[in-house]
Every structure is written in structure tokens, then in C-alpha cells.
> 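Submitted below is the structure of interest, expressed as C-alpha cells.
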Amino acid sequence: MKGTIKIVLSLTLLWSLSFASEQFSMSDADREMYAEMLEDNPADIMVGNGSELLEEYCGGDAGLAEFLNVSEDELPAYIAGFPRYLKDFKQVVALDQVLQALMSKNGHKPFALKSSDMFDMGAYAKSIANGEKIQIDVDANKHIKESYELGKLTFEQKRGSRGLSCLSCHSSQVIGSVLRTQPLPDLSAKGNAPAATWPAYRMTKSSLRTLQRRFQGCMNNALLAVIPLGSPEMVGLEVYLTQEAKGFEIAIPGLKR
Amino acid sequence: MSSRKSLIKIKPKSYKDGEIVKVSFMVMHPMETGMRKDKKTKEVIPAKYINSVKFDYNGKVITTMNVWESLSTNPVFTTYMKVNGEGKLSVTFSDSTGEVHEKSIKIKPKG
Amino acid sequence: MQRRDFFKQLGAVAAVAAISPAISFADEAKKLSGPNDLSYKAAVDAITGGKGAEESSKVNLKVPEIAENGAVVPVTVEVESPMTDSDYVKSIHILATKNANTRCIDVHLTPSNGKAMFATRIKLGGTQDVATVVALSDGTFLTATQNVKVTIGGCG
């Protein structure tokens, strides 16, 4: 019984989609204007703030490099490989969790993962890798392999009262079709590569958001129980989508509708 | 003066004396129109929007602006400026509640 | 509330995703009032001292034909001008013709700007014309107008 309902709902979902070109298509000139907005991204202010916070609480780029056991020169490429399994943590971690640990090591109370100060500092830390290609290695060890598998499962598993999964709206079959004026975005490197462009300024929210925070936004909209930031499932999702964006150049902060 | 976060950007980053450069001022400001209600409390959020902006370069006023509530939250103001020697560019703004803020950067032409 | 709309759409049999006017500031823009609420014509009269402004190809007004999001619409105005002491653009005014207060910003320039350009981002309550009025140092006024369609989504 439950199974049938799920199928019917996914069908109605497909029914309510239509192709972007039929709805409205953005002209090249429009697309160019929106691209130019990246030059003056309000999130540049937040990233600037994040740089000051990293200096104050983590000893700046040098402090972060030392904590990660790499030289400052190696830092950008190393950051481009996150999320990673780190022995000291005994788990796969995203960059913001590293910053929390470093704050705590330096005798400060760590910022909450969902605080705007952490978003700012995390965005700055990732921007150190701007221009580097994403180089996550999901075969590096069994821990990251497991994290990837958990992420893939979380992405594909239907949940919630609507029986939707991330895949329902982000599979290659529905990309580009329009759900209530929103073209469904491609989450792969060929298309859009969110992992390379988040943290980003979200224009509808007038604030800087992280990739995991964006996942929560989709969970909210699709009535999926919201998974906490930094949990194994969330880090897994980040690993999964970072693998999808592998080889794509990091450009932080992004600018999103 | 407040500690409101803001940023002045000059493009290109490196420029010569006499060059015309792009100047952007960005600030985190709610630009509240006074007509919006808080979703939870249902109370009207009081108006608070930037109403004037001034660009000063070495004490000389380059550009002034009268601003209304239709500008987006966290607004951006971009114009050009002719570099005319080493010095300081200051951006001052005030808002409808009387808050005043100033941000400045050094102007250092190369060659 | 946005979420409910979103799922109404999901469950709807109709395949067309309608352009929805439901966004908080749209209502807000309608209600805008107060000392600044000049209509478009009154605003142009106030700026030009009743002289009016002439359409000109010297004024390049750039706005998107379709705005992704009415809360953040990029606007750029560039005017052909030598920007010398004797011949320069004195001011660039940006107007949202259908917002209750049409005036968005007046930018007073000087020859020290070197180039007559101004860019910002505005809120639009709905589909409408965005206009610019430009005051030249010789006392004349130019104008340009462009329509912007505002489509608003409900996801996220």
C-alpha cells in the first residue's frame, strides 16, 4: 500500500515538471549579467570576516596548515581534497569540523556548525583552495569509501511523507525541467558542480550558506526529516556530491538564486 | 560609528596614477522597508534603509547618492573613479534610523 | 507558507508551473507609502524640474529581461560622456516604475569619476519597466527604459 503511494507521488512529480525552454529561457545577455554579479558578491564581505576570524581563533592560514600537518604552500591543494578521513578524528570530516577542533585546541569555545561565524570562517578556509581542482579521493581508505557509500544511500533513499529522495529531483532524467519556475539543477561537474561553488551567497536568503545547509533546505522543502550538520550522513552527502564535482575548479564564494 | 561589516573593492587590483578604476562598496545592511511583518511575531519590522552614501577621495567629494528602500538587502554600489595620487578613499553612509558608518581604503597607484 | 504552495504544485495535475506573485516583499511593495511614494511621472517631473527627459541611445540601461529573483535584480547604467569639467553626467537616477515608491537611487557624479557608470541591485515587486533618467551638465535630461519580467520560485 505504502509502496503504491510512493510510485503515484513520483509520477505526479514528473507530471508537474516541464522543460525549461517551454517555461522561460534566459537570454545569453541575462546569463552574462548574472555571471557579472559574481564580481561584486556580497558574500565577499563574509569571506573577509571569515579571514579575520581564522586569524583570531586559528592562527590564520599558517595555523591551519600546521594543524593539518602540511606546509602553507601545500594547503590549497590539501583543502581541495576535503572531506577527508583524518586519523586524529577517527572519522571522515568536513573542513568546518577541522576548524572546530582547531579552535578548541587553541583554547576557544568552537563556533557551532550552524553559526554564521562558522559559515564565514569555513567559506574563507575553503576559498584558500580557489583555483584548485577538486581532488577528493574516495578510494583513499575504507573510511572514506564507507562515507561515500553512506552519502550515496542518503541521496537515493526515499524518505518522508512524500516518499521523495534527493534523486527524485536531481537525477539526470529530470535535470533542466522546471518545478514551479525553478529549473532543477545538475549537481555534477559537467553541469554545475555545487561542491565547487558552495559556500555561496543565497540571494533569496540574503546570506552566506554552506553546502550542508543547502542540503537541509532541500530536505525542508521536500518534507524529509532534516539531518543535522556534521553528522555521518551529512558528511557522506558532501563526500558524494564532492566526488560528483571532481576535477571542477573551486570558486568560493558562489552566488545562487 | 557602528561595526557594520562592509568592503571597498578596486578593480583592477593594481593600477597606475591617472587610471580610471572601478570602485565597489558593499555593506551588510537589511534595507528594511518598514512594510514587512515578522513571520513569527506578526509585528511590523521597523524601516531601516540606507538613505545616503558619499565617496570621498583625499577629502574631495567624488560621488554622493540619495537612496531609498527599493535597493536590495546587503546592497552594492559600483561606479568609476579617476586615480589621482596616493591617498585615501572613504565611503560614508547613513541610514533612516540615523546610523552612520565609514569605511576607507588606501589608494596606492603603482608608477 | 511557501512550502505549502510548493507542494500544492507538486500534487497538482496541471503541468504548468505558474508564475506566482506570492513573495513577501511583493505585497510589501504594493503597500509602500510614506513621504517618498512618488509615481513614476511625478518622480520624473521632480528630477527634471518638469522638463521631461528624451530617449537616447547614449544611455545604456542594462537589466535582465527575466529576473531570477525579484529581491535581487542587477541594474547597470552607462552613459556615453567625456566626463570633462565642461561636459559631464551630473546624475544618474534609477526608477522602478511600478514599485509604490518608484525612486530607487539618485547618483550624483563629478568629472573625477572619469566614466559615467553606476551599478547596483534593486527589489522589484513584480514585472514592470525599470527606467533611468540621466542629467547632463548642459541642463538636459536623457532617459532609457526596459521591461523586466519577475518570475519567483518557491523552492528553498
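Keep in mind it's a predicted model, so treat the numbers as computed, not measured. The chains referred to below are lettered A, B, ... by the order of the sequence lines, with proteins before strands, and numbering in each begins at 1.
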> Is a side-chain N or O of D30(A) found less than 3.5 angstrom from the main chain of P64(C), in a donor-acceptor match?
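Looks like no, no N/O pair under 3.5 Å.
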> Are more than 12 heavy atoms from other residues, nucleotides or ligands located less than 6.0 Å from atom CD of E65(C)?
no
> Using a cut-off of under 4.5 Å for heavy-atom pairs, which of M203(A), E36(A), E32(A) has the most such pairs with chain C?
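Highest number of heavy-atom pairs under 4.5 Å: M203(A).
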> Provide the closest heavy-atom pair for Y34(A) versus A67(C) in the form atom of the first, atom of the second, distance.
OH-CA, 3.2 Å
> With a 4.5 Å limit on heavy-atom distance, are the side chains of R121(C) and M37(A) in contact?
yes
> Would M33(A) and T76(C) count as a side-chain contact (heavy atoms from CB on, under 4.5 Å) if you check the C-alpha gap in whole Å, the side-chain angles of each, and the deciding distance to 0.1 Å?
CA-CA 9 Å; M33(A) 261 206 109; T76(C) 300; 3.9 Å; yes
> What's the separation between atom NZ in K256(A) and atom CG in N69(C), rounded to the nearest 0.5 Å?
14.5 Å
